[in-house]
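Before any comments, here is the structure.
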Amino acid sequence: MSLIVQKFGGSSVANAERVMNVAKIVTDTYKQGNDVVVVVSAQGDTTDDLIAKAKEINPNGSKREMDMLLSSGEQISIALLAMAIQSLGYPAVSLLGWQAGFSTNSVYSAARIKTIHKERLKTELSERKIVVVAGFQGINSKDNITTLGRGGSDTSAVAIAAALHADKCQIFTDVDGVYTADPRKVKNAKKLKEITYDEMLELATLGAQVLNNRSVEMAKKYNVELEVISSLNPIPGTIVKEVTKMEKMLVRGVTKDTQVARISLIGLDDIPGVAFKIFSKLASKNINVDIILQSVGRNETKDIAFTVSKDNADLAIESLRELPFVGEDIEIKCDTNVAKVSVVGAGMETHPGTASTMFEALYNNDINIQMIATSEIKISVLIDIKDADKAVEAVHEAFLG
Ligand code: ADP
Ligand code: ASP
Ligand code: MG
């Protein structure tokens, strides 16, 4: 007998028929003698709809209340799925994040799981129940509800699999695996049989939303093998693990991220310590900075530009204005009409010419590069948002077409 964790995303439980389909998959697994923990997301666009409802009433509602609101979406799904399983004649119990033992820190809307108190999960499993857990949520040390950030149900599933030493963690979604690019956007995208944690982590961080990047990070840390698989099409999916058997591909995937903003500070004094003070200020506000560019300006000045996520742009500018040397004479520009397009692949490390192939593909399509960032296994460029889809298509064609 094995313990299997199965996670179903929003589109997999979007309506009654889909919920019954999930109940069928889950009970088939249970019938084979396995213990099953199911993690579910809110139905369809519920989370987006809840955000819209909040904005109608107060666009600046506190993060605590936002988490209280958003966690309700998953509450609906778990109860409906437990009832669906019961209707098929199997025992099921639904648990909210706190009931399932999810203890998190207090960073509302981006909480981190501290630990999972396993007692309740274990008791329910020992009674041979199918345990249906609300993804994306937990509770902090003051008993307030927290959420893990968008797409966080993947992380809930991996965390349970790690805590209970599950034999399998399956992430069911609306595509049948991880592809070399978003299969809904790039028609030549190819499905990968296997991918390493490191490559998947880069793809997820750089915009491939099929897995949440924190879930991949956690899977790597606790060595939880993941399978990304379709809830509608029963064929083998993609395995995410430490080492893959696949032939070494130069590039494993192409991604785009349109949730970025570029902030530029123009006319800074060209003296030591300026960059340090800027980036430590941003770090103190928990703002992640990505691509950074410093260039020489006129008259002993320099310009510094960097990218942050769109959600953080206003806060970043506000905090920078608190710095004594960022006075009226320093111009701050913010451009949200940008996108980051990246290629990812462990093979790039030892293969010269990857960058030039990427830049040539962009040049051939008349796409201007605004910023560039590289690491051993990725190259990212910042371009105009209107060119993003064309760029992904062109770069994908150049490496994987
Ligand atoms: P869920 O609701 O199941 O969590 P998501 O919408 O979060 O599903 O993620 C699945 C979507 O990710 C797919 O519908 C697909 O459009 C998108 N996606 C983006 N990049 C990729 C990729 N490289 N491979 C597979 N899917 C991708
Ligand atoms: N319902 C949440 C969201 O839409 C969590 C998830 O789907 O993983 O982001
Ligand atoms: Mg998701």
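We count ligands from 1, going down the list as the structure has it; atoms in each ligand are counted the same way. Since the model is a prediction, treat every value here as computed from it, not as a measurement.
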Quick check on Lys390: does its NZ atom have over 12 non-hydrogen neighbours (other residues, nucleotides or ligands) under 6.0 Å away?
yes
Backbone N/O of Ile291 and side chain of Thr307: donor-acceptor pair under 3.5 Å
yes
Would you say Pro183 has any N or O atom under 3.5 Å from an N or O of ligand 1, going by distance alone?
no
Of Ala208, Gly177, Gly253, Ser11, the residue with the heavy atom nearest atom 25 (C) of ligand 1 is Gly177
Near Arg150 (heavy-atom distance under 4.0 Å), the atoms of ligand 2 are 3 (C), 4 (O), 9 (O)
Parallel, tilted or perpendicular: ring planes of Tyr30 versus Tyr90, cut at 30 and 60 degrees:
perpendicular
Taking atom 4 (O) of ligand 1 as the point of reference, which of Gln209, Arg252, Lys7, Lys185 owns the nearest heavy atom?
Lys7
Output yes when the distance from some N or O of ligand 2 to some N or O of Lys7 is under 3.5 Å, and no in every other case.
no
Okay, side chain of Asn365, backbone of Ala361: is any donor-acceptor separation there less than 3.5 Å?
yes
When you check the side-chain N and O atoms of Thr196 and Glu199, is any donor under 3.5 Å from an acceptor?
yes
One finds that the ligand 1 atoms under 4.0 Å from a non-hydrogen atom of Gly10 are 2 (O)
Protein contact of atom 7 (O) of ligand 2 - nearest heavy atom, named by residue and atom, plus distance
Ser41 OG, 3.2 Å
Mark the output for Gly10 as yes if a heavy-atom distance to ligand 2 is under 4.0 Å, and as no if none is.
no
With nothing but distance in play, are any N or O atoms of Asp154 less than 3.5 Å from an N or O of ligand 2?
no
Residue pair Thr146 / Thr104, side-chain donor-acceptor N/O under 3.5 Å:
yes
Say whether, by atom type as modelled, one donor and one acceptor occur between the side chain of Lys310 and the main chain of Thr336 under 3.5 angstrom.
yes
Using the side chain to side chain donor-acceptor pair (under 3.5 Å) definition, which of the options His396, Arg252, Lys190 pairs with Thr180?
His396
Against heavy atoms of Asp174, which atoms of ligand 1 measure under 4.0 Å?
10 (C), 11 (C), 13 (C), 14 (O)
Tell me whether Ser41 reaches ligand 1 (any heavy atom closer than 4.0 angstrom to a ligand atom).
no
Pair Asp176, Tyr179: side-chain N/O donor-acceptor within cut-off below 3.5 Å:
yes
Using a strict cut-off of 4.0 Å, indicate which atoms of ligand 2 neighbour a heavy atom of Gly151.
3 (C), 5 (C), 6 (C), 8 (O), 9 (O)
Just distances here: any N/O of Thr173 and N/O of ligand 1 closer than 3.5 Å?
yes
Side chain, backbone, both or neither: which part of Val210 has a heavy atom under 4.0 Å from ligand 1?
both
Tyr179: numbered ligand 1 atoms lying under 4.0 Å from its heavy atoms:
22 (C), 23 (N), 24 (N), 25 (C)
Take every heavy atom of Gly9, measure it against each atom of ligand 2, and state whether any distance is under 4.0 Å.
no
So, applying side chain to side chain donor-acceptor pair (under 3.5 Å) with Arg150, which one of Asn212, Asp48, Asp311 is it?
Asp48
Around atom CG of Asn58, are there more than 12 heavy atoms from other residues, nucleotides or ligands closer than 6.0 Å?
yes
Taking both backbone and side-chain atoms of Phe136, is any N or O found less than 3.5 Å from an N or O belonging to ligand 2?
no
Which option, Ala157, Ser156, Gly73, Ser153, owns the non-hydrogen atom nearest atom 6 (C) of ligand 2?
Ser153
With atom 18 (N) of ligand 1 as the reference point, say which of Leu206, Val344, Asp182, Thr47 has the nearest heavy atom.
Asp182
Atoms of ligand 1 under 4.0 Å from any heavy atom of Arg184, numbered from 1 in the order shown, are 13 (C), 14 (O), 15 (C), 16 (O)
Is it true that a side-chain atom of Thr238 and a backbone atom of Leu192 form a donor plus acceptor pair closer than 3.5 Å?
yes
Within the 4.0 Å heavy-atom shell around Val178, which atoms of ligand 1 are there?
24 (N)
Is a side-chain donor or acceptor of Ser71 paired with a backbone partner of Asp67 at a separation under 3.5 angstrom?
yes
